[in-house]
Each structure stands twice: as C-alpha cells, then as structure tokens.
Amino acid sequence: MKKLSVLVALALVFTFFAPVLPAARAEETITVFNWYDYIDDSVIEQFEEETGIKVKYANFTTVEEMYVKMTSGGGKYDIIIPSDYMIERLIKEDMLQELDYDLIPNAEGLIEWMKDPSYDPEGAHSVPYMWGTVGILYNTEYVDEEITSWQSIFDPKYQKDVFMLKSYRDTIGITLKMLGYPINTHDEEALNAAKEALIQQKKDGIVQGYLVDEVKDKMIGGEAAMAVMWSGDAMYAIMENDSLEYVIPEEGSNVWLDAMCIPKTCENVEAAHAFIDFMCRPDIAYKNMQYIYYSTPIAEVVEMLDEEELEYEALNPSEEAVERCEFFQDTSDFIDIYNKIWNEITA
Amino acid sequence: MKRSYFSGPYALWMVLFTICPMIFVLYYAFTNGDGGFSVQSILECLEPTTIRVFLRSVKLAFICTVICLILGYPAAQILASKDFSKYKLLFVLFILPMWMNFLLRTYATMSLLERRGIINTILERFGFEPLTLIGTEGAVVFGMVYNYLPFMILPIHTALKKMDTRVIEAAQDLGANPLRVFTRVIFPLSIPGVISGITMVFMPAVTTFAISRLLGSGNFMLLGDMIETQFLEMHDWSFGSALSMFMMVIIVLSIGLLNRIDPSKGERSGNW
Amino acid sequence: MKRLFKYLKGTYLGLLLLLLYSPIAVMIVLSFNQSKSRANFSWGGLKWYYELFYESPEIIEALKLTLTVAILATIISIVLGTLGAIGIHACKKGYATMLMNLSYLPMTMPDIVTGVSLMLMFVFVNTYVYFPRGFVTMLIAHITFDTPYVLFSVMPKLKQMNPNAYEAALDLGCRPMKAIVKVILPEISPGIVTGGLLAFTMSLDDFVISFFTSESNNLSMLVYAAAKRGVEPTIYALSTLIFIAILILLIIINKRSDLESIS
Amino acid sequence: MYENTKLIELKNISKSFGDTQVLKNVDIYIRRKEFVTLLGPSGCGKTTMLRIIGGFEFPDEGEVLFDGKDIQSLPPYRRRVNTVFQKYALFTHLNVYDNIAFGLKLKKPEELLPNEKKITRRKIKAEIDRRVKRMLKLVKMEAYEKRSVDALSGGQQQRIAIARALVNEPEVLLLDEPLGALDLKLRKEMQVELKSMQQQLGITFIYVTHDQEEALTMSDTIVVMNGGKIQQIGDGKSIYDEPKNAFVANFIGDSNILSGVMLKDFEVECAGHRFECVDEGFAENESVDVVVRPEDVMVVGSDVGMLVGEVESVFFKGVHYEMKVNTGDFTWKVHSTTMHPAGSRVGLSIVPSNIHIMRRMEAEG
C-alpha cells in the first residue's frame, strides 16, 4: 500500500514537471533568440495565430553572451536579434544567411538611412528591429544646469552621483567621443587618453557604480543625478519619473541598431522570413514599439506617434543628433586591448 | 560481486565531471585563441590590475570572515548554552535564511542600503543626513557577512554542543576563572568548528561575484567578477581559465594553511 | 546578575536575528506593495500573488525547472553517493583515500570554477555531438556537486555501523544484495536523509554553477537576470511563499527529529 | 558429550593478509556436538580461522570440509553455520523481536513448515512467532521483545545475538569472543549458560577467546594457537597438566618456566639444583624448558627445602597467597595457603611428577 502511494506521488510529480522535459517537435516551430524582455508577448501570440507557426523564445542579456551561446552551439536558433557590431562580426565569420527580400515585403517601410547600414551593406543579412542612442539621463531635481556635453559626467562636483555603464564598448566609446576621437578608433594613444579620463573620473569619486540594467530602476528611484544610458532604458525611466531627462551630448555618441538575422543553422528559413516580415508590419511594429518603448525603424510607425512622444529625444532622436553619432564596428580583433583597458578601469 | 565495486559508478562520475572539466580549464589556461601553447594568460594573472583585484578579494573576504567570527562565536556559544539550547526554534531561525535564495536576499539588502533606501529613509525621518552606503566596500562586506554568518555559527555551535561539559566543570574545579576556562579550555576545544566555519565563510566570500555586483554597484571588481566578465563579456576563455586556476591555487593553499592549524588534522568535522 | 546576563545574551541574539531577517522582511513587505518601485510603499493587497500564478509563466517555468532539477539531482545523487560510500567503505585503503580526496575536490572548488570548467567541457562536447546546455547539463552539474554531500553524510554512518553487521546478515541467510538492502541501507538511512536534504537545498539555491552550465533559467538565474532589470514584485511574492513553506517545513522537521544533525 | 564423527575439517589451511601470514598450514577437525575453543593471544589467527569456517574469508591454500564435502565455494548464507559476532552486530534499526526473526523471514516457506501441505502467510507468521518466542525463552529475554536493541545492556544484547544465531538451528554455532565486553560476574554466568545451552541443543560450538579460564570452564576441546599455528589440541585437563611447550604452559595458567639441562633420564638440573623428574627420552645434557606450576611449589621450612630463598612480595588472592621467592638463581612464583611475610626465609620443595620437561621452543615462542 505504502509503495503504491509512493508510485502515485512520483507519477504526479512527473506529470506536473513534464512540460519542462524536452518535448518532441510536433508542428512547424521557429526559435527566436532575443534580448531579455524585448518583445510584446501578444505580438508573438498574434503571429502564431495568423501563421500557425509556433514560436519558441530564448533570452540573452548581452550580445557577447548571445555570441557565446551561438558559437558554443547552445541551441539551434532560427532568428537572432543581435546589435550592429555583432552582426558585422557574424557576417565576417559567415554565420548569417542572406535574406530573401521577396519574402519580406514589409521591409520597404524602413526608414531610408537604415536600409544601407555600414555594418551590413544594403541590409543583405539583417532587418532592423529597434534602434537607439547612448546618452545622459539626468534628474532635474539634482542637476541645475542644462546638460549638453559628456564633460558633465566627468565633473567632480557630482560626487558619487553618476552611474556609468558596465559595458566596455559604450563607456570607452563615449569617452573617445568626448575627447574628439572616432568611436571605433584603433589608435592606442586615443584609447589611453580615454582610459586615463575614466580612471580619473573614478578617482575623483564621481562614479557611484558601474551597472547595466539596474540603472533604470536606480534612476527612477532617484539614486543618482546622472547616468550614461541607452535611450530605450532612458525612455522607460522617464515614463516612470517625470524629473528625468535624456540628452544626446553635442560631441556625438553611439547609435545602435538591433536587427533580425537568420543564422546559417536555421532549419526553417521560410518561417523565419515570415517572422521578420511580420515584425515589420506597421501595426505590429507599432504595438511592439509601444510595449518596448524604444525607437522604431519603421517610418510609418513614427508617423503614428503622438506629439508628446515625438518630443522625447530618447524615443525620437532628431536627425541632426543622429548624424553626430556613429555605429560601433566589430572590434573582435582588438578585444585584448579593450579587455586590458577595461580591467584597469574597473579593477 | 564485491561491495567495493559499488564505488564504480561514483568514481566514474566524479572523474568524468570533475577531473575532465579541470583538464579543459588547464588546456584553455595554457593556450591562446588559436589553440597554440601560450603562457600569456598565466602571465596576465600576475599583472598589477589582476593582483589588485586579487588583493581586494582576499581583503574583503578576510574582513568578512573576521566579522563573522566575532559576531558568530558568541551567538553560537549562547545558542549552545544551557539557558538557550532548549529553544530549538531559535536555532532554526538562525539557519532558516540559508534556505532562502541568496540572490533575492542580497537584492533585498540592496533596497536597505540604497541612497533612498530604507535605512536612509529612517535616518532622514529622524533628521539625520543620509549616508552613502551602497557601492562602498562596506556594503559588499555587509552583504557577505549577512549571507555567510549562518555558515560560521553552525559549525561552531555543533563543536560547542559536542563538547563534554564535564571538561568545563573540571577546569572550574581546578580553579580556572571564567575567562581562563574560555581561553584555555572552551576555545581550544572548539577550534575544529572554528576552522570549519572559517573555511565555509572565507571560500565563498573570496569567490563571489553576485554580491559585489549588486551591493558594490560594480565599483569593486573581485576575482569572481573578473572570471565571469572574461567568460561572458570579453569572451577571453584563456584568461578566464587562467584566473580560475589562479583561484583554485589560492583556495587549495588557504585550506592547506587552515588544516595546518587544525589540531584534529584530517578529520574534517563532519558538518558539511 | 545572572538574569541580567541572560537578558543581554537574548538581546544579542535578537539583534543578530534582526540583521538576518531585515532583508527578508523587506522582501515580504514589498510583495504587498502597490507599485513596482522599491522606493515608495503603498498597500497593494495580493495583486502580485495573483499575477504570479496567472500572469507570470516564466517564473512558474523557472520554479518547475528548479524543482525538477533539484528532485532528480537529489534522487540520482542519493543513489550514486550511497553506492559510492558503501563501495569506498568496503575497498582497500589506498583506493579509498584517493576517492575521498577526489570527493573533496568539488566541495572545496569555488562554484565559479566548477561552473566554468563544466561549461568548457559541455561546449567542447557540443562541437562534436549535439549536446546543448540546458536541462540535461544543469542536471549533470547539480548531481556533480550534490553527490559528495550525500557521500560525506553517509560515510560517518557506515563507520559507526558495527563492522560485522553486513556479515551477520549474510550469516543469517541474506544474499549480498539483500544484505545491503535489509541491513546496511536501514542502518545508514539517517545519513542518506541528511545528505539528501543537503543536496536538495544546495540544488534549490544554486546560482553560479547553473548560470554557467545551462541556458534555461532556474529560479536563481531568473532573479539574477531580473535583478539587472529591476525585480518584479511577483518574485517577492514567490519568495514570501517559499519562505513560509520552508518555515513550516522546518518547524515540522524540528518537531520530529534532531535538526542540528541535518545542518 | 560429543560424537566421534568429524563434522568440520580444515586441511592445511594458510592465509595471509598482505605481507602478514596469519595462518600457517593449519590442520584441525571438529566433531559433531563438540564444544571447541580456539584459544590464543590476539593476532594468533583464531578469529581468522573462525571466519574461514563462517565463510567470511577464503583461505589462500587448503581445504575446508563440512560433513566430508568441500564447502569453500559456499557463501556464508548457504552454510549451515551461524555466528555470534564480537560486539554482537545487532541490527539497530530493528527491535529485539525482529532481530531474532531476521533469519527466519529469509527462509523459504517450505523450510519453515516442512510438514505443512497448504502454506499460508498466517501459518508462516505463527511459525516464526513460535520459534522466536522459544528462543527468547531460551535466552531468558521474553519480556523484551518489543525493545529497541540500543536500549539493552551489554549482557542482554549478548543474549539477543545468541538467540538471533540459534533460531536458525545451525549445526555449528561460531562465537567470536562473545563475552569480551561483559563484566566478570556476568561473564561467569554466561559461561555456564552457554555451556548448558550447547548441551541442551546438542549442536557444535566453536568458541574463540583469549581468556584461558573461559576456555577451561566450557570446552570439550581446547585448541591453543599462537603465531598462526596450532600449539596444542586437547581437553582442558591434559592441556593444563601436560602442556606441550612453554608457550602453552605459560598461556594456560601461571607457570614458572626455567631453562634447564637434562642430565640423564629422570634427572634435570635447573635453578642451580638437580631435580628428580618423571621424564625420559632426551639426549644427555640436552637444553630443555622446565615448567612448574606455582601451586605445585610447596613451601616448607628453610631447613628441609630443596631450595632456600627469601620471600620478596606477598599478595592475597582470596583462596591463596601469591608469593615471589628468590632463591638466588631464579625468582619463583609460589601459591600457598599459608602466609609468609616478605623478607622471611623459606624452603621450597617440588615433587618429581610436578616437574614438566619440554623441548626448547623455537625462536618464535
């Protein structure tokens, strides 16, 4: 009797957990590998309903992590949504398929300058998903002046009042910009100058911390006066806290673009194209954009924004501000130098 | 079938999943990106930045261990004493936090320490100036102490409980005053527990990366952070492996050192 | 005088408990907060608890994964560890010492090194045969760090056991397998229970090793990922529930057995 | 009394553990219903021999016969032999009743109830219960059946261990120092009980001990062992009275052992004196060991003794006094019912039949 009840208990346990165990593939399925919390779930549901294609969803928190998981063969992905410089690298390493634009008619609606990005000429391998800039988010309760320059976050009067990004590309990149160098420079002198500036900034006690995503929450909570931030996160914070403002400094900054690509390992090419096309459809793109609240690459969606939304530089950067900005290029050949510099700054 | 064959599956498993993976660490530590032999990564471990991180890790872990010992020993002693040992639930309360997800607890600690966190809110309400708590070394140590204190209390408590009370009575009988009884009898006899506690606190403290990330606001890179960064951000597996080896060596050395002090050598007190 | 001393001691313990429990208290309070922000509190009732069960599939998925891995890893490591202990106990001294040292290794190894080394191996294997880092790899990793805890809990019980007990069973007519099942296992069962509980706890709480060896989020990984973006109060709600469950469980265990031997 | 049929035979048994040889070419047989004691100091190989009979060790060389059949390949659970282990090895997870019933529950139903045609679980249970109760009665532990074995005293545990072995109705019961952990009084009681149990049940007992008194009290046959070899086999009286060598003499009871020279038949010189004796057949002037039991040394007046010496020490031993008497060449151990104070001079005298001459032992002795 006792044995029987144990058996029953075990059986129950297994039926309860069964969904976690690898299940057999039944219908047509694609696996989308995207940033954590970077899509409106109802959009996926709608896609599944309309096409009958099942979507499996996997997350990463940095593109480097994505790269590791991809190359170490963690899983087979049909769609990946990496950032610009990573796309450049993946193209270089021949890991992406060329896209068949006949299957993505909605891609016509992209903002013009995004149709031929520097990292992927003519968008042969990628279709933009969301884009944004890097800038300064500041709290007007703590900051009296108008912030226009990167110099402000190096100003010692803000003691323990600045959050920097724990991302070597962005942090070193904006410092290079401040010092007047190109953001992708390989010039060691420039890099050293940036390094010195960042070390000095830390020594002066300006930095409260080097964080990534936690910044949002902290800035909403009023934990610091300023933070280097991605425009999307900044937008989220602004919506939660009225005293926050976002600016793309005059020295220029980094403009980034996350785009949808199909890896060579993709087994379901047609379904993957269908997904990309679906995401470019203006009504879907609008819905998704309203959820994520990042800048949209679809021209028609910009027109759908209300006036208040158009005002936010974090959501709808002016064209001249974007012109001052640069894409990151792939620096995988230069990573040792960056690694060293970054270690020296943060260690 | 001999009973000793039963150890077969276990031995096989351990070799397959502890020894073999270590070989990979060794391999990556001694090769460069192209797979050729290279000691560059090993040498990088000796560079000033790495050494700085290493010294900081050891320093913070050491401070944490000392604080845990100072706070934990009396607590263990009180819990084991006649007055309190009957309240078993009290003891349960002390180890209960260990069953909670440690990241969540650390995250909650963050809410306590932030500039506009609970402590500062309380301070301000009473008219004090808010303090900068988060992002300091102090915050990291606080987080470590908070997380690892039960690991110190537990083995010392066990050692004290196991102690034969007649020994203490004998010492009193022989004319020792309470201080003497403690320094000459109780403490020496509890050393195995203390050592066990020190190991259980120092080791995770020296290797942590989540605590320093959350409570140190990324200001203080520790060895654990550095390894994690190498693997997941920089994608430099070679240097990451070299650092891992470096860390192993530290751990092995410190355990060796501790065991030297331990009078009951070889017999790890069976707490964990 | 003596009473005063007792009060002082009590106060000291109280203060330590305050230190240990204040973050947990914060967590519980925040689970009833109206808004997501940690900065201000206003009563929000059971809103996040509702959301946890009905609108947070990823948390529930992570919880399921965590429990599945913990349960399977505990069962397998109990089998491996108990067999291992019995085997080691019965074999020659030199071989036994070697195996014991081998068992210390994963216990003394920093979590991050264990995680990294396993990741390196899994990645390597995956380049030859399809072996993604997911449920299976996480399970393997958990078994690997759980099993020594079972082994080291069972070993002392084997040593305490009368060395002739096994032979006595043979003598009374048991075949070797039966002797193990009928005599050795019952005699060492307290050790198995202790080891199993330890393994289960370690498995539930593990973050670092899972983080490196798997891509599927368990609870800790979810918290870590969420911590970067701001923890949702649903997670606080879950933790509050877990806390209460564990509290009740511990009180029951405490009533029935000597808990100190477990920890 | 035992029958004259060989039940167990060990032929030319040798056994080594690593480098140490614990048994060297041992030959021995044990008869049905015999009470045999393996006696010797620790490390002499007696326990190993027992374990070979029990099936827990396998000899490197030699044969083990049971009822004339080789049983070497038979595992312990197939042998009609049961063991009472040192420190009892009771199962702590079972209570007294279940410990005793352990072996019975493993038996096949038809073994338990050979005459029953229709075997039911109830009948099996009843049979087991009957046998366990009988055993409990035999060892006088009826009141304890539901007790946990941890709650029993050493003597009680001992009884349960014996009951647990006997309930299986073995043909041979092996006992490995079963009384070693008990206090003296209890040990004496148990000795008597064990002996009567053996006679009542009519089975063979093989008993290992290092206590010579225990051996003498209980055994039909004593096997004295040392250094992995059998020194002497015989009943208690012959071993006590006619030890084959100095080791046996010394191990069984107290002895004065002197080195002497056999001058000729019936005359030996030792301790500076020529003694008349009853031994013959030695070479002239052969060096020998001379053994004299302390109770065989008579204390007489200092004027009439063969030897004269001074009392060095006196201890009262209850029945007799134990004295050390120094006669210049040798210090004699003497048991006497009369007390002579330390320092007094006494004479010593020994009758020829109490002088035992034995050949010199080899170096290992």
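Residue numbers start from 1 in every chain, and the chains themselves are labelled A, B, ... in the order their sequence lines are given, proteins ahead of strands.
- Only the side chain of B:Ile251 comes within contact range of chain C, with heavy atoms under 4.5 Å apart.
- Applying the ring pair (Phe, Tyr, Trp, His ring centres under 6.0 Å) criterion to C:Phe211, with sequence neighbours excluded, gives C:Phe207, C:Tyr224.
- Chain B forms the most heavy-atom pairs under 4.5 Å with one residue out of C:Ile88, C:Leu17, C:Val26, and that residue is C:Leu17.
- Between the CG atom in B:Leu112 and the CE atom in C:Met27 there is a gap of 11.0 Å [rounded to 0.5 Å].
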**Request:** Go through the steps to decide whether C:Phe243 and B:Leu96 satisfy the test side-chain contact (heavy atoms from CB on, under 4.5 Å), and finish with yes or no.
**Result:** CA-CA 9 Å; C:Phe243 177 76; B:Leu96 180 61; 3.6 Å; yes
**Request:** Step by step, work out the side-chain contact (heavy atoms from CB on, under 4.5 Å) result for C:Val113 and B:Met22.
**Result:** CA-CA 9 Å; C:Val113 178; B:Met22 285 313 289; 4.3 Å; yes
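- The minimum heavy-atom distance between C:Gly84 and B:Tyr10, with the atom names listed, is CA-CB, 3.7 Å.
- A pairwise comparison of heavy atoms in B:Ala11 and C:Leu102 identifies O-CD2, 4.5 Å as the closest pair.
- Looking at C:Met119, only its side chain comes within 4.5 Å of chain B, counting heavy atoms on both sides.
- Taking each heavy atom of B:Phe17 and C:Thr144 in turn, the nearest pair found is CB-OG1, 3.4 Å.
- Contact of C:Leu105 with chain B is made through the side chain alone, with heavy-atom distances under 4.5 Å.
- If you measure heavy-atom distances from B:Pro150 to chain C, the contacts under 4.5 Å come from the side chain alone.
- The candidate with the highest count of non-hydrogen atom pairs below 4.5 Å against chain C, out of B:Leu71, B:Leu223, B:Ile227, is B:Leu71.
- The distance from the CG atom of B:Leu104 to the OG atom of C:Ser239 is 4.0 Å, given to the nearest 0.5 Å.
- Taking chain C as the reference chain and counting heavy-atom pairs below 4.5 Å, the highest number among B:Leu103, B:Leu90, B:Ile19, B:Thr208 is found for B:Leu103.
- With a 4.5 angstrom heavy-atom cutoff, C:Ile184 touches chain B only via side-chain atoms.
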**Prompt:** Going through the checks in order, is the side-chain contact (heavy atoms from CB on, under 4.5 Å) test met by B:Ser7 and C:Tyr95?
**Reply:** CA-CA 10 Å; B:Ser7 63; C:Tyr95 181 63; 3.7 Å; yes
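- Taking CH2 from B:Trp13 and CG from C:Leu80, the interatomic distance works out to 6.0 Å, rounded to the nearest 0.5 Å.
- In this structure, CD1 on B:Ile78 lies 12.0 Å from NZ on C:Lys6, to the nearest 0.5 angstrom.
- Looking at C:Leu151, only its side chain comes within 4.5 Å of chain B, counting heavy atoms on both sides.
- For B:Tyr73, the ring pair (Phe, Tyr, Trp, His ring centres under 6.0 Å) partners are B:Phe182, B:Phe187, not counting sequence neighbours.
- Only the side chain of C:Ile112 comes within contact range of chain B, with heavy atoms under 4.5 Å apart.
- C:Leu20 contributes atom CG, which lies 6.5 Å from atom CD1 of B:Ile153 (distance to the nearest 0.5 angstrom).
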**Asked** Hey, mind stepping through C:Ile24 and B:Arg105 against side-chain contact (heavy atoms from CB on, under 4.5 Å) and telling me if it holds?
**Response** CA-CA 6 Å; C:Ile24 294 174; B:Arg105 283 184 287 130; 4.1 Å; yes
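- Using cut-offs of 30° and 60° for the angle between ring planes, the C:Phe212 and B:Phe231 rings count as perpendicular.
- Per-residue counts of heavy-atom pairs under 4.5 Å with chain B were compared for C:Asp111, C:Ile242, C:Thr147, C:Ile140; the largest is that of C:Ile140.
- In this structure, C:Tyr12 and B:Ala75 approach most closely via the heavy-atom pair CE2-N, 3.7 Å.
- Between C:Phe124 atom CZ and B:Tyr28 atom OH the span is 8.0 Å, to the nearest 0.5 Å.
- Residue C:Tyr21 qualifies as enclosed at atom OH: its count of foreign heavy atoms under 6.0 Å is above 12.
- Both the backbone and the side chain of C:Ser103 have a heavy atom closer than 4.5 Å to some heavy atom of chain B.
- Ranked by heavy-atom pairs under 4.5 Å with chain B, the list C:Leu15, C:Leu16, C:Ile86, C:Leu204 is led by C:Leu16.
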